[in-house]
2 protein chains.
Amino acid sequence: MPVPRGSSLDPDRTRAAVLRTAEGILYSRGLDGVGIAELCAEAGISKETLYRHFGSKDGLVRAVLEARSDRVTRWLARAAADAGDEPAAQLAAVFDALGGWFNEPGFRGCAIVNAATQHHTTPASTIATRHLGRHLELLTTIAARAGAADPAALGRQLLLLLEGAIVVADHHDGPGAADDARDAALALLDHATRRRDGHSGGGRRG
Amino acid sequence: MPVPRGSSLDPDRTRAAVLRTAEGILYSRGLDGVGIAELCAEAGISKETLYRHFGSKDGLVRAVLEARSDRVTRWLARAAADAGDEPAAQLAAVFDALGGWFNEPGFRGCAIVNAATQHHTTPASTIATRHLGRHLELLTTIAARAGAADPAALGRQLLLLLEGAIVVADHHDGPGAADDARDAALALLDHATRRRDGHSGGGRRG
DNA sequence: CTTAGATCGAACCGGTCGGTTCGATCAGGA
DNA sequence: TCCTGATCGAACCGACCGGTTCGATCTAAG
């Protein structure tokens, strides 16, 4: 059953509603697994309306992916910020948040990376590159605040864990991948911040 | 230009040739990016021949993915074996081999994971799960031979790095991801095998 | 030579796709 | 009230899809 048939007649509201509906369907069925006719039906709009708002299916996909990238980026940053000032705790919180996502019923991997995998020519690739760059920025910031010897390098390593966890959770392990990734991340953080004596660094240091 | 028009009339040879050709096209263009008509034309066979050999496009895709999984698995195992008996060297060799792959012109991520991402209902998902399981087995074996405290856990962590490196190389970094993954893998190996004194373990131990 | 089977090439099928257009409808501002 | 513009619903387009069939052709085995 589509939208309650309200005919809001407010372009902004219509656009937002379409984006919300299309995101769910495109994520669960894939970019090529659903046609714009069905998209319009589910969103409760006509094809002409969709055409005027987004220009093409590709335009709709791009708008959906950009909105999603923004939201996911804010969500991860929030998870880190809510974990307090301790870098190790922030890192753990990021991967715990991932674990919560993996446990959600409709989890099917990263929508942006999936889209870029399906249409490697379209702007999806550009959005995906920027999306990973945003994750890298968050992780590098945490690495720097933790006092890592090479924050950029540690950030890149942590990004591998983050993206690897999504793939493994989707195609192999399920939610357990988040726990493995968190353990590995904390180990790498410890390795990159350890003093050169036998002391195990990264622990509480006020 | 298709096959040299030899008409081998040998079913096994024909099947192998079709698999080889289809693998390249399906990998570079995506499962939905090419029709069976073009596949047949490039392979130099008729649609009826393809239909008799593989039953359907899905059957062809499955055969392609299974053959590729076998080949990739053997390739990685060989890379490890050729690196000698030292677990750390074997691990480094695995990620160095990955780096070589990332540098190849047509690299577009893992064909099996990509396929499962595109068609998450088809047998592609099953093949992908088994594919990652094979990688996990190799990495866990190396972890165990290195004397890790928990080889299964370390194996799972290394799998995250392997899969993460493929995604990041495809969508963000390029070949550098392999170097980051190797460094992280060696750090995790060190972390999991270190003695509880200050000595940095994992080194040569006969 | 004859025959059986693999293959070709082309036509054909029903279906779906993304995109376009058009007349009717409806709400809000002048 | 009347107009503007957002929207609807439906029809339509050309293209391509995966799959099926058929007669002709070619090769290798008997």
Side-chain angles (χ1 to χ4, degrees), chain A residues 1-23 25-26 28-65 115 118-119 121-124, chain B residues 1-23 25-26 28-65 115 118-119 121-124:
Chain A
M1 228 55 63
V3 142
R5 212 62 179 72
S7 280
S8 68
L9 214 47
D10 176 346
D12 292 346
R13 194 175 299 268
T14 296
R15 181 187 165 96
V18 172
L19 280 179
R20 207 177 331 124
T21 302
E23 177 179 337
I25 303 180
L26 289 171
S28 63
R29 310 250 302 268
L31 266 36
D32 297 330
V34 56
I36 57 174
E38 183 179 357
L39 248 11
C40 290
E42 287 298 318
I45 66 169
S46 67
K47 293 174 76 171
E48 178 171 353
T49 300
L50 181 136
Y51 185 77
R52 190 166 2 87
H53 274 296
F54 302 101
S56 65
K57 184 181 183 180
D58 221 70
L60 170 65
V61 167
R62 174 161 39 198
V64 164
L65 294 180
Q118 294 168 52
H119 288 185
T121 58
T122 68
Chain B
M1 230 53 65
V3 141
R5 212 62 179 71
S7 279
S8 68
L9 212 45
D10 177 345
D12 292 346
R13 194 175 298 270
T14 297
R15 181 187 165 95
V18 172
L19 281 179
R20 206 177 333 124
T21 303
E23 178 179 335
I25 304 179
L26 289 171
S28 64
R29 310 250 302 268
L31 266 36
D32 297 330
V34 56
I36 57 173
E38 184 180 356
L39 249 10
C40 290
E42 288 298 320
I45 65 169
S46 68
K47 293 174 77 172
E48 179 173 352
T49 299
L50 182 137
Y51 185 77
R52 190 168 1 88
H53 273 296
F54 302 102
S56 65
K57 183 181 184 180
D58 222 71
L60 170 65
V61 168
R62 174 162 40 198
V64 164
L65 294 181
Q118 294 167 53
H119 288 183
T121 60
T122 68

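Chain naming here is simple, since letters A, B, ... match the order of the sequence lines and numbering starts at 1 in each. Below, each value reflects all heavy atoms present in this structure, side chains not excepted, and no hydrogens, waters or symmetry copies. As the structure is a computational prediction, the values presented were derived from the model and not from experiment.
The phosphate of C:dT7 (OP1 or OP2) has a side-chain N or O of B:His53 nearer than 4.0 angstrom. For A:Thr49 and D:dC8, the shortest distance from a side-chain N or O to OP1 or OP2 is below 4.0 Å. Residue B:Arg52 places at least one side-chain N or O closer than 4.0 Å to OP1 or OP2 of C:dT7.
Rounded to whole Å, the distance from CD on B:Glu42 to C1' on C:dC8 is 17 Å. Computed from coordinates, the A:Asp58 CG to C:dC17 P distance equals 17 Å when rounded to whole Å. Counting to the nearest Å, the C1' atom of C:dG18 and the CG atom of A:Leu26 are 14 Å from each other. Atom C1' of nucleotide C:dC22 and atom OH of A:Tyr51 are separated by 15 Å, given to the nearest angstrom. As a whole-Å value, the separation of A:Lys47 NZ from C:dC22 P is 16 Å. Atom CG in B:Asp32 sits roughly 22 Å away from atom P in D:dA15 (whole-Å rounding). Spacing between atom CD of B:Glu48 and atom P of C:dG9 amounts to 12 Å, rounded to whole angstrom units. Computed from coordinates, the B:Ile36 CD1 to D:dC17 C1' distance equals 8 Å when rounded to whole Å.
The two residues B:Pro123 and B:Arg62 have their closest heavy-atom pair at CG-NH1, 3.3 Å. The two residues B:His53 and B:Arg15 make their nearest non-hydrogen contact at O-NH1, 3.5 Å. Contact record, A:Leu31 with A:His119: CD2-ND1, 3.9 Å, taken as the closest heavy-atom pair.
Side-chain atoms of B:Ser28 come within 3.5 Å of backbone N or O of B:Ile25 as a donor-acceptor pair.
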